[in-house]
Each structure stands twice: as structure tokens, then as C-alpha cells.
Amino acid sequence: NAGVTQTPKFRVLKTGQSMTLLCAQDMNHEYMYWYRQDPGMGLRLIHYSVGEGTTAKGEVPDGYNVSRLKKQNFLLGLESAAPSQTSVYFCASRRLAGETQYFGPGTRLLVL
Amino acid sequence: KNEVEQSPQNLTAQEGEFITINCSYSVGISALHWLQQHPGGGIVSLFMLSSGKKKHGRLIATINIQEKHSSLHITASHPRDSAVYICAVRGTDKLIFGTGTRLQVFP
């Protein structure tokens, strides 16, 4: 049982480049989340999904897109990376409403 | 003003000391979470509570719904407790996070 995994662990992008972050969970969880963590700020929700085929915007969705084509995977896309998107990105999942969230190890992204 | 406030922001302790981290919130919640973020970055859920008190090993979490306040206590602190402790509150489907308390425990 790997839990929640994230790929890649670290990436450097140039401004304007695109990339996709992959989150995978093997716990059959319905809910999945993408957060970003910046110095001096709490984790902020980018997008989330309450089930396969569904997505919704969180607190800071601009500049990001997501897809949940398979229940176990939640993809976060940056179409045209900007230096303001330099951050650590965490994925999380949980089985049902009101239950504990399980976090992935994080992806450190640097946009130059 | 943030919806979730933690204090202190930074905390230094000697091994064996009793630690208290506080969390105050200003929104209605269905539950409150305490999380631990290790120096390597990984985030682990410690507690989820909606009333009263929970204990796990040397960690104790309490919540007072009327006062909108929660505390995380660590008894007999150890250097391996050094981490960032994060309070988060659940409104509907989403969590609202505090900025964390960085704890360093020295031998």
C-alpha cells in the first residue's frame, strides 16, 4: 500500500513552459485535493475532486487546470508557468466526507 | 485577519519539557485537525476532533467549541518531536489551514 504518491519530486521550469504533476492514491479514496504551500502562509487549496470525473475550484485556481479521469489519479497542469507558481505542491486524498486526509510527499517546483 | 490563527509561530524547548501549541479560529467548523510536517516535508495527520479531548501516546489535543479554540500538548518532549505543527479546520468539504508552529526540541 503506497498511500499517496506524487510525481515528480522536484522540477525546474522556465517561464512559459508547461508541465503536469501527477498524484496517485491506492486507497480507493473518493476525494482528492491539490494544495500549494508557500513560506509564511498556510496550505492553500488549488483544486479538488469529490469523485471520478468531477473537479472544482479551490481558493487559488488561476493558472492551473486539473483532471480526474481515473479515480486513483488526480493531475494538476500548468499551461504556462510563471515565477509566482514557484511553490511546494501537495496532493491529498480521503475516503469520505469528514474523514482524515492523507498527504503525498510533495513536489517542489521552481519557475525561473 | 486569518480565519485560523496559531501561536506561537516558533517554539524552542529542552528535551523533557511540556509543550503547548494553540489554535484559534473564527469560522463555524465541523471538525478540527492537527497535522505534523516533518523537516523533510511530509505531512501526517495527528488528530481529528470535534469535541473534548483525544490522546495518542505523548500527544494530547483538546478543543473548546464555544471558545473556538484548540490546544495541542506534547508531554515529555523529545528531539524527534521537532517539526511544524499545523492546525486546520473543516467547514464543508474543505480545510482551512493555519500557518503552523515550528517546534525545535533540543537534547
Side-chain angles (χ1 to χ4, degrees), chain A residues 2-6 8-11 23 25 27 29-51 54-61 66 68 74 87-110, chain B residues 1-10 21-52 54 56 59 61 63 65 70 72 83-102:
Chain A
V4 182
T5 58
Q6 292 183 231
K9 288 186 170 53
F10 177 69
R11 184 79 184 267
C23 175
Q25 51 91 8
M27 298 175 282
H29 285 178
E30 292 294 333
Y31 294 73
M32 296 187 75
Y33 304 83
W34 275 108
Y35 297 97
R36 60 179 289 173
Q37 185 178 43
D38 301 294
M41 305 185 75
L43 286 154
R44 292 183 293 167
L45 182 64
I46 305 171
H47 286 279
Y48 66 104
S49 168
V50 300
T54 73
T55 63
K57 293 180 180 179
E59 184 186 350
V60 287
V66 287
R68 182 109 183 260
F74 194 29
S87 188
V88 181
Y89 292 85
F90 286 95
C91 176
S93 71
R94 62 184 170 95
R95 190 170 64 97
L96 294 173
E99 291 194 351
T100 299
Q101 286 191 15
Y102 293 83
F103 286 81
T107 294
R108 190 173 296 273
L109 177 65
L110 175 60
Chain B
K1 191 179 189 317
N2 292 335
E3 292 168 303
V4 180
E5 297 272 1
Q6 288 186 235
S7 63
Q9 286 188 319
N10 295 285
I21 299 171
N22 296 299
C23 176
S24 296
Y25 54 92
S26 58
V27 295
I29 69 169
S30 55
L32 183 142
H33 297 249
W34 281 103
L35 309 164
Q36 181 190 53
Q37 185 168 23
H38 295 283
I43 299 173
V44 175
S45 180
L46 297 174
F47 294 104
M48 181 176 70
L49 64 165
S50 54
S51 65
K54 285 191 175 181
H56 184 244
L59 273 60
I63 187 169
I65 297 293
S70 175
L72 176 68
V84 176
Y85 292 84
I86 301 170
C87 171
V89 300
R90 176 178 305 284
T92 52
D93 271 341
K94 299 180 277 288
L95 290 176
I96 305 170
F97 295 82
T99 55
T101 294
R102 184 175 300 274

Minimum heavy-atom distance Q37(A)-I86(B), with the two atoms named: NE2-CD1, 4.4 Å

CG-OH distance between L95(B) and Y33(A), expressed to the nearest 0.5 angstrom: 6.5 Å

Rounded distance (nearest 0.5 Å) linking atom OG1 of T99(B) with atom CG of L43(A): 10.5 Å

Greatest number of heavy atom pairs closer than 4.5 Å to chain B - which of Q101(A), R44(A), R108(A): Q101(A)

Option in I43(B), L35(B), V4(B) with maximal non-hydrogen atom pairs under 4.5 Å from chain A: I43(B)

Which atoms of V50(A) approach chain B - backbone, side chain, both or neither, heavy atom under 4.5 Å: side chain

Spacing of CD belonging to E59(A) relative to NZ belonging to K94(B), to within rounding of 0.5 Å: 10.0 Å

Separation of R94(A) CZ from M48(B) CE (nearest 0.5 Å): 9.0 Å

Interchain contact, Y102(A) with chain B, by part (heavy-atom threshold 4.5 Å): neither

Any residue meeting ring-ring contact (aromatic ring centres under 6.0 Å, His included) with F47(B), in chain and number order, not counting sequence neighbours: none

